[in-house]
> 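One structure coming up, written as structure tokens, with questions to follow.
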6 protein chains.
Amino acid sequence: MSEFIGKTGIVVRNIPRAESSVIDELGRYGVATVHEAQGRKGLLDCALRPIQQGVSIAGSAVTVLVAPGDNWMFHVAVEQCRPGDILVVAPSSPCSDGYFGDLLATSLQARGVRALVIDAGVRDSQTLRQMGFPVWSRAVSAQGTVKEVLGSVNLSLVCGGQLVKPGDVVVADDDGVVIVRRNEAAQVLEASRKRGDLEEQKRLRLASGELGLDIYAMRPRLAEKGLRYVDSLEDLEG
Amino acid sequence: MSEFIGKTGIVVRNIPRAESSVIDELGRYGVATVHEAQGRKGLLDCALRPIQQGVSIAGSAVTVLVAPGDNWMFHVAVEQCRPGDILVVAPSSPCSDGYFGDLLATSLQARGVRALVIDAGVRDSQTLRQMGFPVWSRAVSAQGTVKEVLGSVNLSLVCGGQLVKPGDVVVADDDGVVIVRRNEAAQVLEASRKRGDLEEQKRLRLASGELGLDIYAMRPRLAEKGLRYVDSLEDLEG
Amino acid sequence: MSEFIGKTGIVVRNIPRAESSVIDELGRYGVATVHEAQGRKGLLDCALRPIQQGVSIAGSAVTVLVAPGDNWMFHVAVEQCRPGDILVVAPSSPCSDGYFGDLLATSLQARGVRALVIDAGVRDSQTLRQMGFPVWSRAVSAQGTVKEVLGSVNLSLVCGGQLVKPGDVVVADDDGVVIVRRNEAAQVLEASRKRGDLEEQKRLRLASGELGLDIYAMRPRLAEKGLRYVDSLEDLEG
Amino acid sequence: MSEFIGKTGIVVRNIPRAESSVIDELGRYGVATVHEAQGRKGLLDCALRPIQQGVSIAGSAVTVLVAPGDNWMFHVAVEQCRPGDILVVAPSSPCSDGYFGDLLATSLQARGVRALVIDAGVRDSQTLRQMGFPVWSRAVSAQGTVKEVLGSVNLSLVCGGQLVKPGDVVVADDDGVVIVRRNEAAQVLEASRKRGDLEEQKRLRLASGELGLDIYAMRPRLAEKGLRYVDSLEDLEG
Amino acid sequence: MSEFIGKTGIVVRNIPRAESSVIDELGRYGVATVHEAQGRKGLLDCALRPIQQGVSIAGSAVTVLVAPGDNWMFHVAVEQCRPGDILVVAPSSPCSDGYFGDLLATSLQARGVRALVIDAGVRDSQTLRQMGFPVWSRAVSAQGTVKEVLGSVNLSLVCGGQLVKPGDVVVADDDGVVIVRRNEAAQVLEASRKRGDLEEQKRLRLASGELGLDIYAMRPRLAEKGLRYVDSLEDLEG
Amino acid sequence: MSEFIGKTGIVVRNIPRAESSVIDELGRYGVATVHEAQGRKGLLDCALRPIQQGVSIAGSAVTVLVAPGDNWMFHVAVEQCRPGDILVVAPSSPCSDGYFGDLLATSLQARGVRALVIDAGVRDSQTLRQMGFPVWSRAVSAQGTVKEVLGSVNLSLVCGGQLVKPGDVVVADDDGVVIVRRNEAAQVLEASRKRGDLEEQKRLRLASGELGLDIYAMRPRLAEKGLRYVDSLEDLEG
């Protein structure tokens, strides 16, 4: 499937999606937990930042490849979206233009799309926040785009340095965005639950003043690596 | 006029300004709409970001050229400002120092100046937000500046990659900053109104679920360019 | 002492700290004032930004050197912290990974630590804001770290381009972070008070419409440097 | 196959490679031609630059995923290399450390490896040039690395923003690096030959003074889009 | 004239140019001297770097505004060039694509064009060096462009943060690029000659071991500003 | 001593220097070896790059703190230099201006100064190369500077993220710049010699085809960490 990366002029109508209950629960665990739970894979470049604060969300990736300065494919993509989807957009070469604004957001919201992740710029940022349409982007820029060059919809692409396949689960919050392979989603959710429980227990112990050094039994290994404690700097200098 | 770009040691006392009703209405349309309405010209580099959120404003540019690490010309500029003005400041070479803080903001507010746009840094950012004095800047930095080297006030300059003439209309919001030539302001306002109306109509249609593909009649041209729909990835691979 | 910069495998248990009343009052003056008051030294790179807004704080530096992608030393550092401390962390080479999240913050809060300053990334940013644990960092990233390589605790290090010694006073707010040498803290506080008073007086005069040009008696020196006023651009061109 | 992206702790011993005559001929066409010939796919981020000048080369990708600041996997990878291979290395999170120097280059040269492409830093750059071992990297840095954390060898990875599969053809020259899928190599070579011939003909015509406007028959379409010629700026202003 | 900045769909056929003997002599003085001689104006952003080393050149600006990822206007511009011209190209929004390669360079060379200055990327960099066609660019990238969107030729534009008018003199060398207004060229040349002579005299005195402190009589002013000499650090600490 | 970091208005006349034979031999080992030999400390930010290629050098640091856009202190520093010194310059806030050109280089060469390391910009880069005066800088820019604001000479400063003390040994080559504390120079030289010998032996073994895996006996530890070899990707998928 990845053979089609970079190919243009194609729209794939039907893509498999993960189960919605799995997707929604992944969204509740958030990016840091899910990223850990799946073995630290799939994290997008931290230069992609939310334009809002405090939103945690998950959905199915509808992937869109666009030309630099050209947002034509957004309109093609809208038609392929279903409730619960998240648009994942990458330009074929680096571009900070404002590909996306309140009109496209209105159209996506009308179809039940949950968010936009874009390795480029957006505009109408204040209106997007007021509409409650969440966006993770590399830039905010009012620079408009044209509609002249074909890209693709629902082919695999690289966004924020990670491979994204149509139908992958996108989890996004204030920490950024992480991609979960569709066919690993259930298993990653299971691992997220375990990790969530474990973290909760640790949090309680740490909050009570117990040290990570003791909870994780780190002292012997630190000593073995040669960590040396001195009472004061003078001891070191002496 | 642009022959004087980069010249120092000059203060121009009287500059023409656009009509205040035109300026104010441009401010209500915001950066993205105004930028489109004037043919996508005059947008400042998107690295100039607001230090606050949710402010949309417009005013007449009082331009200030400063030396790197030297904010002397701000004090000279204050005297040239009138109510409704916006200070537009560019350093003669790149600098992230905090040229501007709450004292200068107090002085500008006392003269009715509406905002600062600066291709450099500012400080006292929290106080500036509390005072309600809006700023668009390239950086926030507490690094102070000196008062040793002359710049200029009210000569044309390049700020954020765009030519700004004294008296130009500055429109700024969460998306960034756009410059409108003073003598084009009325006509850009007219175009903004038309665009605003048009967008409103489109928004309603999009909100009702109509597709941009149909509203803009894009399907024939997409087909002509060779866009190909496949039912699933398997169809593509087969 | 600076001879030990970059050395690893050492933890210094006891460090001198400034008087808490001095520290707290420095925190109230904020970064810009304190930076000025101490002669414009000690300001960290403005790329280190707060993840929250509106927090102004000060504390004693507990310094932590970490390997890229390795947060082991955080756990070692927690044990060395006392109420009122601020963790100051630098990686031995540039890294944007999320070294720090809500669990470590819980542990630090339990010991009365006030904040984290890190020349790298953090994660769980939304939870950190909800917990009220303030952070200044170069990045927000969910990318996790390992626990394999020793660093050091409480040796001098360079963070954000500035030398930080254990026990130095860290002052941080929306403008960034400034370091005050422990043995200069009282004298910097005195200078901050003077500056604060002076600024208050100036603010009143500026708010009443008086010009900086007159308050600071700048006109003669501007004239001496050759500043020339023209009534309009035409005068210049003519 | 891309499901394994980001997985660590795995070494794949046998990978398919393209035919060596195809690889070598692709190397002679160079990055710009091959990139065009395959439909503008597979180009690595232009921040990956050669440390030498004037080298044009191609080979089979042996892929290496490494932890930040940890070059252990290089040693594992060397054993998997064959004559004609090119090492393609990506860190699991951004890092500019000098992962690679003259000793590893000596080892790779002894096995007939042709080059290194790394989305991180290298050191001993002058010696590497003297040895004639070509490198494309994101940084030059003497910062050393440790050997503590497992990565992987010969799993797919994302390097410079592009998916690279083990056995893909890597083409690199002064313009950068492009990846050709192994199973598309022969067909891309054929397209490169055609493009090369075509460009040669165009070069002769352009060198003789013929205009691209005429060779490519652009004038009617420019006119249709509304391009307007004026004799001088005055005509435009009048 | 600057009113037309950002306008598209226009080609101006005839532009005034400076006298060729003036242009050529400016090229011999180089960027640093010319920039000083004209009062430190017109220097392009230092991110625009030569792809070759040791070339010093000057010519008349033919300005080209292009859309992001679209090099159509280059072909239109070639026809407007005359021997001695330098193409100055800026994209309407930031773009690092390889707009320009060996075929366009062949076409420009056939018309006697001396160089390219572009606030974007170029490709075929090795061939361009071999052809002896000098380029100053923001990036080297093999990423190709399309021919779909109109820009303009020979309107004023902002390139590398500076206003460039068609017919301005472009001076470029290893230090970067500086723009001289056409109608100031003769006077800037005169100032360059004077500066060149003066520098030659200073160079001789400095080479003989005389100090700048004495040649420029700096000691009294340094003392007046409060510069204090101490014999050793101990004197300072004591 | 580090208490004086950031202080201005001071020139220290006499600084201790390391033995010249030690300095010279450190220069022959180069940056990567010396950096390793001293425990990976003291490496300057890899954004400081040489403007020439193939120069490897060492000398005693004469430190210069300068204001942004102000090179006055260079002239003061020249007088304090002795044969074998290297000027190490840092601006008090980030600046890319061309602080240094061929005249200052002439003056430094006349005093036997070996090189310049500057966390800012230089100009006349081609002439500097022709003169054989080596420079490591953050930028090349023709932008001139003024002479208005005092800095300091021979106080400790932070340059490229590292603390540099006057009299420290500066080692620089194509890989960058590393600082060796003066009082550690002899011992770092000894360690460099050992490392150099060891590397030579390893190079011979690696060149003969022996693997690092075997030379460094890595296989057991890799197995212990869980590294798993599979014959082909199919084995992994099955």
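A note on names: the letters A, B, ... follow the listed sequences, proteins ahead of strands, and every chain is numbered from 1.
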> Let me know if C:Val153 has heavy atoms under 4.5 Å from chain A in its side chain, its backbone, both or neither.
neither
> For the atom pair CG (A:Leu227) and CD1 (C:Ile10), what is the distance rounded to the nearest 0.5 Å?
8.0 Å
> Find out whether A:Gln53 and C:Ile51 are in side-chain contact, i.e. whether some heavy atom of one side chain is under 4.5 Å from a heavy atom of the other.
no
> Is there a side-chain contact between A:Arg228 and C:Val11 in this structure, where contact means two heavy atoms from C-beta onward sitting under 4.5 Å apart?
no
> Under a 4.5 Å heavy-atom cutoff, which of A:Ala47, A:Ala207, A:Gly176, A:Ser56 has the most pairs with chain C?
A:Ala207
> With rounding to the nearest 0.5 Å, note down the distance linking OG in C:Ser141 to CG in A:Leu48.
11.5 Å
> Tell me, out of C:Gln143, C:Arg129, C:Gln130, who's got the most heavy-atom pairs with chain A below 4.5 Å.
C:Arg129
> Can you see which heavy atom on A:Leu213 is nearest to which on C:His75, and at what distance?
CG-O, 3.5 Å
> Can you say whether A:Asp173 sits under 4.5 Å from chain C via the side chain, the backbone, both, or neither, judging by heavy atoms?
neither
> What part of A:Ile215 gets closer than 4.5 Å to chain C, counting heavy atoms only: side chain, backbone, both or neither?
neither
> About how many Å separate CG of C:Asp97 and SG of A:Cys46, when rounded to the nearest 0.5 Å?
8.5 Å
> Quick one: does any side-chain atom of C:Lys147 pair with a main-chain N or O of A:Met218 as donor and acceptor, under 3.5 Å?
no
> For A:Glu36, which atoms come within 4.5 Å of any heavy atom of chain C: side chain, backbone, both, or neither?
side chain
> Heavy-atom pairs under 4.5 Å with chain C: which of A:His35, A:Arg205, A:Arg221, A:Glu210 has the most?
A:Arg221
> Start with the C-alpha gap between C:Arg13 and A:Val230, add the side-chain angles, then the distance that decides, and say whether side chain to side chain contact (heavy atoms under 4.5 Å, CB included) holds.
CA-CA 6 Å; C:Arg13 279 206 188 92; A:Val230 297; over 6 Å; no
> Please round to the nearest 0.5 Å and tell me the distance separating atom CG of C:Asn14 and atom CG of A:Asp235.
9.0 Å
> Distance check, rounded to the nearest 0.5 Å: C:Thr106 atom OG1 versus A:Lys202 atom NZ?
12.0 Å
> Can you tell which part of C:Met73 gets under 4.5 Å to a heavy atom of chain A, answering side chain, backbone, both or neither?
side chain
> Do C:Arg123 and A:Val31 have side-chain heavy atoms sitting under 4.5 Å apart?
no
> Distance only, no hydrogens: is a donor on one side chain within 3.5 Å (strictly under) of an acceptor on the other, for C:Ser125 and A:Asp175?
yes
> Compare every heavy atom of A:Ala32 with every heavy atom of C:Asp124, then report the nearest pair and how far apart it is.
OD1-CB, 3.3 Å
> Take C:Leu155 and A:Leu236 through the side chain to side chain contact (heavy atoms under 4.5 Å, CB included) test and state the conclusion after the steps.
CA-CA 10 Å; C:Leu155 295 183; A:Leu236 196 62; 3.7 Å; yes
> Can you tell which part of C:Glu79 gets under 4.5 Å to a heavy atom of chain A, answering side chain, backbone, both or neither?
both
> If you count heavy-atom pairs under 4.5 Å with chain C, which of A:Val34, A:Asp45, A:Leu211, A:Asp231 comes out on top?
A:Asp231
> Can you tell me which portion of C:Arg111 sits under 4.5 Å from chain A's heavy atoms? Options are side chain, backbone, both or neither.
side chain
> Given heavy-atom pairs under 4.5 angstrom as the criterion, report whether the side chain, backbone, both or neither of C:Leu103 touches chain A.
both
> First locate atom NZ of A:Lys225, then atom OG1 of C:Thr8, and finally report the distance between them rounded to the nearest 0.5 Å.
11.0 Å
> Where does A:Leu43 contact chain C at under 4.5 Å (heavy atoms): side chain, backbone, both or neither?
side chain
